[in-house]
Protein chains: 2
Amino acid sequence: MRSYGQYCSIARGLDVVGDRWTLLIVRELLLQGPCRFTDLRNGLPGIAANLLSSRLRELEQAELISREDAPPPVATTLYGLTESGRALEPALKALGIWGLRYMAEDRPDDAFQAHWLAYGAAWLATDTDPEAPPVTIQVQADGKPVVVEIVGGRVESRVGRTEDPDLEIDGPPRAVLGLLNGLLDLDGAEKLGVSARGRTDVLSRLRPASTEAGPVDLVER
Amino acid sequence: MRSYGQYCSIARGLDVVGDRWTLLIVRELLLQGPCRFTDLRNGLPGIAANLLSSRLRELEQAELISREDAPPPVATTLYGLTESGRALEPALKALGIWGLRYMAEDRPDDAFQAHWLAYGAAWLATDTDPEAPPVTIQVQADGKPVVVEIVGGRVESRVGRTEDPDLEIDGPPRAVLGLLNGLLDLDGAEKLGVSARGRTDVLSRLRPASTEAGPVDLVER
DNA sequence: CCGGATCCCCAGGGATACTG
DNA sequence: CAGTATCCCTGGGGATCCGG
């Protein structure tokens with residue numbers, strides 16, 4: 001990227017990660033851990049192969065990512081974040097919280113992947129009752145399964161399924177996301193097509209991680 | 001900007017502010033308050049007038065900024081941030097903290113403005129001794145004056161001069177910034193051309209605002 | 001002088017095809 | 001699978017010009 005030529009840490013940061021797709025590549029590596037080229041390509045629907053290739057080269061040169069050869073059974077190269085790359089997490093988190101305000105808009109053609117929903121829960125929600133016992137929620141959105149665990153004040157999540165969850169919810173991504181972030185109550189979510197089975201009371205423990213951003217209306221205006 | 005087409009709050013956020021110059025425009029309005037076209041242009045050295053014009057139009061449409069007609073004596077239009085625009089502050093702050101690691105590199109041609117240094121102090125530094133009495137520092141870097149006040153755990157700053165500061169420091173931007181962020185000690189800063197007069201002991205109260213980013217080496221490698 | 005609009009040119013991004 | 005190569009087109013940089 002062409003430099004902004006300004007002695008300002010925001011501008012210099014953008015000199016490095018301001019290019020198109022760059023922050024999303026970091027997002028993928030942050031969420032998925034070390035990835036193969038094809039994993040990244042799948043996690044970034046819409047990116048052109050040459051662009052991904054060139055971005056990876058630039059990011060490696062900037063020492064945000066490093067290539068490593070995977071152990072024998074796989075025998076391919078893996079791309080992983082360096083310390084500098086991982087240090088972008090707070091910035092991505094803040095941007096993700098800000099971007100929540102645009103998640104209400106329904107764009108049917110948008111791609112959707114399970115791990116995006118997973119980080120949505122883990123990064124963007126807080127447990128309001130840290131003293132309460134841990135609970136497990138089996139989430140499914142657009143057919144993609146995610147497990148959310150509320151444990152001692154923290155909200156954690158991963159892609160996949162679990163046995164005997166305290167609660168199961170299923171529905172379109174927008175409604176499920178609103179429910180997980182505490183921005184939608186169950187009534188509202190059910191109107192948007194969510195079905196819930198089990199201890200629906202645990203949902204009241206979830207509140208949006210604020211950064212004093214204030215709540216956002218996830219229902220389309 | 002062309003949409004990434006991903007149902008992810010980071011991607012949707014970048015759909016709005018991911019274009020070149022956009023975040024820097026928000027930075028200016030955040031630091032300077034409502035601005036005229038020319039003020040923005042001066043605060044964004046390097047931007048082409050047509051780009052600024054088109055970005056302002058897009059940002060207004062996205063409801064991040066609003067135009068208002070200034071009161072009679074000025075009689076020009078002012079651009080100011082809306083609530084959504086101001087909500088970007090945490091993201092810009094996080095990015096600015098991350099970008100600090102690139103502030104060590106010396107690029108003689110980079111532009112430098114006083115208010116960038118001012119936010120550098122206020123956003124990126126913390127007072128380690130909130131109980132201690134308030135102190136005032138008169139800073140000057142590259143001829144541009146900034147006042148930094150350490151008051152009850154908070155670090156505040158503004159462009160300009162004050163009377164009877166507890167400490168005066170003067171030197172090249174890189175060294176002054178390192179000193180204000182607690183990343184450089186006085187000895188190191190003096191080697192980079194800083195001169196200090198007054199209560200140099202108050203500098204020990206400044207520490208970098210972490211976001212667990214860890215300290216950064218501001219001296220060139 | 002302020003607040004842009006217009007024009008031209010080039011670099012960077014998108015789509016697809018091709019190769020080790 | 002992991003990229004490269006190619007072509008095309010849009011979007012950004014830079015200068016100039018114009019109305020208020």
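All values derive from a computational prediction rather than experimental measurement. So you know, we letter chains A, B, ... as the sequences are listed, proteins then strands, and number each from 1.
- Counting to the nearest Å, the C1' atom of C:dT6 and the CZ atom of B:Arg57 are 12 Å from each other.
- Taking atom OH of residue A:Tyr4 and atom C1' of nucleotide D:dG14, one finds them 17 Å apart after rounding to whole Å.
- Between B:Arg27 and A:Cys8 the shortest heavy-atom distance is NH1-SG, 3.0 Å.
- Nearer to the 5' terminus of DNA chain D, by closest-nucleotide assignment, is the contact made by A:Tyr79 (compared with the other of B:Ser54 and A:Tyr79).
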Between protein and nucleic acid, restricted to nucleotides 5-11 of chain D and to nitrogen or oxygen atoms under 3.5 Å apart, what atom pairs and distances do you find?
unit_1	atom_1	unit_2	atom_2	d
D:dT6	O4	A:Asn50	ND2	3.1

Pairs under 3.5 angstrom, nitrogen or oxygen only, protein versus nucleotides 18-20 of chain D, please.
none

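- A:Arg41 pairs by the salt bridge (Lys or Arg N to Asp or Glu O under 4.0 Å) definition with nothing, not counting sequence neighbours.
- Partners of B:Thr136 by side-chain hydrogen bond (donor to acceptor under 3.5 Å, both in side chains), not counting sequence neighbours: none found.
- The salt bridge (Lys or Arg N to Asp or Glu O under 4.0 Å) search around B:Asp170 returns none, not counting sequence neighbours.
- Nearest heavy atoms, A:Gly96 versus B:Ser9: O-OG, 2.8 Å.
- Under the rule for a side-chain hydrogen bond (donor to acceptor under 3.5 Å, both in side chains), the partners of A:Glu168 that lie at least two apart in sequence or sit in another chain are A:Arg197.
- If you check D:dA2, C:dG4, D:dG13 against the side chain of B:Arg41, the one that comes closest is C:dG4.
- For B:Ala48, whose side chain is taken as the heavy atoms from C-beta onward, the closest listed nucleotide among C:dA15, C:dC2, D:dG14 is D:dG14.
- Between the CG atom of A:Leu52 and the P atom of C:dG12 there is a distance of 18 Å, given to the nearest Å.
- Contacts between residues 20-28 of chain A and DNA chain C, defined by a heavy-atom separation under 4.0 Å, are made by A:Arg20, A:Trp21.
- Closest to the side chain of B:Thr38, out of D:dG12, C:dG3, C:dG4, is C:dG3.
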Compile the donor-acceptor pairs under 3.5 Å between side chains in residues 139-148 of chain B and protein atoms, sequence neighbours left out, one pair per line.
unit_1	atom_1	unit_2	atom_2	d
B:Gln140	OE1	B:Arg161	NH1	3.2
B:Gln140	OE1	B:Arg161	NH2	3.3
B:Lys144	NZ	B:Phe112	O	3.0

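- Looking only at distances, a side-chain donor or acceptor of A:Arg12 sits under 3.5 Å from a matching main-chain atom of B:Glu105.
- As judged by a 4.0 angstrom heavy-atom cut-off over every strand, A:Thr77 is placed among residues touching the sugar-phosphate backbone only.
- Taking atom CD of residue B:Glu58 and atom P of nucleotide D:dG12, one finds them 7 Å apart after rounding to whole Å.
- Scored by the side-chain hydrogen bond (donor to acceptor under 3.5 Å, both in side chains) test, B:Ser53 finds B:Arg57 as partners (sequence neighbours excluded).
- As a whole-Å value, the separation of A:Asp15 CG from C:dG12 P is 13 Å.
- Atom CG in A:Asn42 sits roughly 14 Å away from atom P in D:dG3 (whole-Å rounding).
- Atom-to-atom, CD1 of A:Ile47 to P of D:dT4 comes out at 13 Å; the value is rounded to the nearest Å.
- Residues meeting the salt bridge (Lys or Arg N to Asp or Glu O under 4.0 Å) test with A:Glu60, sequence neighbours left out: A:Arg67.
- Sorted by first and then second residue, the ring-ring contact (aromatic ring centres under 6.0 Å, His included) pairs involving residues 9-29 of chain B (not counting sequence neighbours) are A:Tyr4-B:Trp21.
- In this structure B:Arg86 satisfies the salt bridge (Lys or Arg N to Asp or Glu O under 4.0 Å) test together with B:Glu83, sequence neighbours excluded.
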